Amino acid sequence: QVQLVESGGGLVQAGGSLRLSCRASGITFSIFAMSWYRQAPGKQRELVATVTSGMGTNYADSVKGRFTISRDNAKNTVNLQMNSLRPEDTGVYYCNAKFVRNNYWGQGTQVTVSS
């Protein structure tokens, strides 16, 4: 059974930091591209950051310089370090694992940034 288990969400003040973690099981983790998405209320889900199987990274323009995505293949874990948080970063954050046609999602974790 494939599972993506997220942790680290919560409430934080603007300018603060938060680290999200996602641990995967049931997949050959190292070959999957791992991503974080987020969805604000009434908004479309958007891609925040990706780390590929080759360790390359990509970020949405809105988070460049503030967020860092990383993976630990030995622990089947992907992390998202979020610094200098803004109210517009508020939303449900989802962990995603993708390999060719295989696409899996975590349950989502709430991040709320107060002004």
Side-chain angles (χ1 to χ4, degrees):
Q1 182 179 336
V2 176
Q3 278 193 301
L4 304 179
V5 181
E6 297 154 300
S7 61
L11 175 64
V12 66
Q13 287 186 279
S17 297
L18 211 57
R19 190 172 97 147
L20 306 182
S21 295
C22 171
R23 177 162 291 180
S25 60
I27 62 172
T28 305
F29 183 82
S30 62
I31 69 172
F32 277 73
M34 301 298 300
S35 296
W36 288 96
Y37 289 75
R38 69 187 180 190
Q39 188 167 27
K43 303 291 185 180
Q44 191 173 353
R45 184 168 56 214
E46 65 174 344
L47 177 63
V48 176
T50 297
V51 57
T52 69
S53 61
M55 298 295 186
T57 57
N58 295 282
Y59 298 92
D61 287 343
S62 60
V63 308
K64 283 182 180 176
R66 300 188 298 121
F67 291 10
T68 303
I69 189 169
S70 61
R71 69 190 296 160
D72 186 340
N73 288 343
K75 297 180 178 178
N76 285 188
T77 298
V78 61
N79 302 309
L80 185 68
Q81 178 65 47
M82 305 185 293
N83 299 325
S84 302
L85 282 162
R86 305 165 180 169
E88 53 263 43
D89 295 319
T90 293
V92 179
Y93 283 67
Y94 298 91
C95 179
N96 172 266
K98 186 177 181 180
F99 178 71
V100 193
R101 296 179 188 178
N102 299 297
N103 201 328
Y104 304 105
W105 294 90
Q107 77 285 354
T109 185
Q110 178 70 43
V111 171
T112 303
V113 184
S114 62
S115 58

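Note that this is a predicted model, so its numbers are computed, not measured.
Hydrophobic clustering (side-chain heavy atoms under 4.5 Å, transitive across Ile, Leu, Val, Met, Phe, Trp, Tyr) keeps V5 apart from L20. Hydrophobic cluster membership is shared by M34 and V100, with clusters built from Ile, Leu, Val, Met, Phe, Trp and Tyr side chains linked at under 4.5 angstrom. By the criterion of side-chain heavy atoms lying less than 4.5 angstrom apart, applied directly or through intervening Ile, Leu, Val, Met, Phe, Trp or Tyr residues, I27 is grouped together with V78 in one hydrophobic cluster. Following chains of ILVMFWY side-chain contacts shorter than 4.5 Å, one can reach I31 starting from F29, so the two form part of one hydrophobic cluster.
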Problem - Verdict with supporting geometry, F67 and L85, side-chain contact (heavy atoms from CB on, under 4.5 Å) - result: CA-CA 9 Å; F67 291 10; L85 282 162; 3.8 Å; yes
Practice task
Take T68 and L80 through the side-chain contact (heavy atoms from CB on, under 4.5 Å) test and state the conclusion after the steps.
Solution key: CA-CA 6 Å; T68 303; L80 185 68; over 6 Å; no
Handout entry: Check against side chain to side chain donor-acceptor pair (under 3.5 Å), Q110 and T112
Key = CA-CA 6 Å; Q110 178 70 43; T112 303; 3.2 Å; yes
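When every heavy atom of L4 is checked against every heavy atom of A97, the shortest pair comes out as CD1-N, 4.0 Å. Among all heavy-atom pairs drawn from Y93 and V48, the shortest one is CE2-CG2, 4.3 Å. Minimum heavy-atom separation, N79 to R19: ND2-NH1, 4.0 Å. When every heavy atom of S62 is checked against every heavy atom of R38, the shortest pair comes out as OG-NH2, 3.4 Å. Shortest non-hydrogen contact noted between T90 and V113 is OG1-N, 2.9 Å. Among all heavy-atom pairs drawn from S30 and S53, the shortest one is O-CB, 3.3 Å.
Looking only at distances, no side-chain donor or acceptor of S35 sits under 3.5 Å from a matching main-chain atom of N96. Remark: side-chain polar atoms of T77 are paired, donor with acceptor, to backbone N or O of K75 under 3.5 angstrom.
Other residues sharing a hydrophobic cluster with L47 under the 4.5 Å side-chain heavy-atom criterion for ILVMFWY residues are Y37, V92, Y94, W105.
Judged purely by distance below 3.5 Å, without hydrogens or angles, the side chains of N73 and R71 pair a donor atom with an acceptor atom.
Each side chain to side chain donor-acceptor pair (under 3.5 Å) pair with one or both residues in residues 4-18, not counting sequence neighbours, appears once here: E6-Q107, S17-N83.
Distance check: Y104 OH to F99 CZ gives 10.5 Å after rounding to the nearest 0.5 Å. Residue I69 holds its CD1 atom at 11.5 Å from CE of M82, rounded to the nearest 0.5 Å. For the atom pair R66 CZ and S84 OG, the distance stands at 7.0 Å (nearest 0.5 Å).
Proximity of T50 to W36: side-chain heavy atoms (C-beta onward) are nowhere separated by under 4.5 Å.
For R86 and D89, the salt-bridge test fails: no basic side-chain N is under 4.0 Å from an acidic carboxylate O.
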